[in-house]
2 protein chains.
Amino acid sequence: MLRHVVLLTWTDAATGEQVAEIARRLRELPAAIPEIRSYHCGDDLGTNPANADFVVTADFDSVDDYVVYRDHPQHRKVIDELISPILASRLGAQFPLGG
Amino acid sequence: MLRHVVLLTWTDAATGEQVAEIARRLRELPAAIPEIRSYHCGDDLGTNPANADFVVTADFDSVDDYVVYRDHPQHRKVIDELISPILASRLGAQFPLGG
């Protein structure tokens, strides 16, 4: 089992409506991609000032299953049409769960 | 319930032994901090070239419980003594689970 984590920061031009639509569309992915074992995303709570703006965490049984998600057309469509236009920075990682 | 996520990148001088010791010491925190509901950390698997080097994810019932962990002396000791000396960059966020 592995966990995929992404931290996103939005441009100043990003609106709350745009971000809410991204969350809504991302949350449709588990129904379309059976390789996803667990999926969560949401806005940073604002507890720490230097935080990123948005988080995705997703668990998979294998790297191959993660790659299915990463490259899935419905996921790429959300990235290309909704995320990329308001993206200031992105940092991700995948690590083994159980550690 | 909320999830805390941190992505760390190490300096070129960081050794595998130093990082393994950080993971070992972080994994002792759930036994010392009962506010932690779930705790995982580990090295990035190297699947994507632009990834961070190390991940921590931790779940808490509330922001207050997360702050107990964030500011706990045993946690700060790992940060000050082991993480900070080899830290190139850090990005974190906390978001509501169930979303």
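In the text below, chain A, chain B and the rest are named by the order of the sequence lines, each starting its count at 1.
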CG-CZ distance between A/Asn48 and B/Arg70, expressed to the nearest 0.5 angstrom: 5.0 Å
Considering all heavy atoms, the nearest A/Phe95-B/Asp43 contact: CB-O, 3.4 Å
Minimum-distance pair of heavy atoms, taken over all atoms of B/Leu91 and A/Ala50: CD1-O, 3.8 Å
Part of B/Ala52 lying under 4.5 Å from any heavy atom of chain A: both
Atom pair CZ/CG of A/Arg90 and B/Asn51 - distance to nearest 0.5 Å: 7.0 Å
Main-chain N/O of A/Gln94 paired to B/Asp44 side chain as donor or acceptor, under 3.5 Å: yes
Spatial distance of atom CZ (B/Arg3) from atom CZ (A/Arg3) [nearest 0.5 Å]: 4.0 Å
Contacting region of B/Phe54 [heavy-atom separation from chain A under 4.5 Å]: neither
Point-to-point distance, once rounded to the nearest 0.5 Å, from NE2 of A/His40 to CG of B/Asp59: 7.5 Å
Residue selection (most heavy-atom pairs with chain B, distance under 4.5 Å) from A/Leu7, A/Val5, A/Val6: A/Leu7
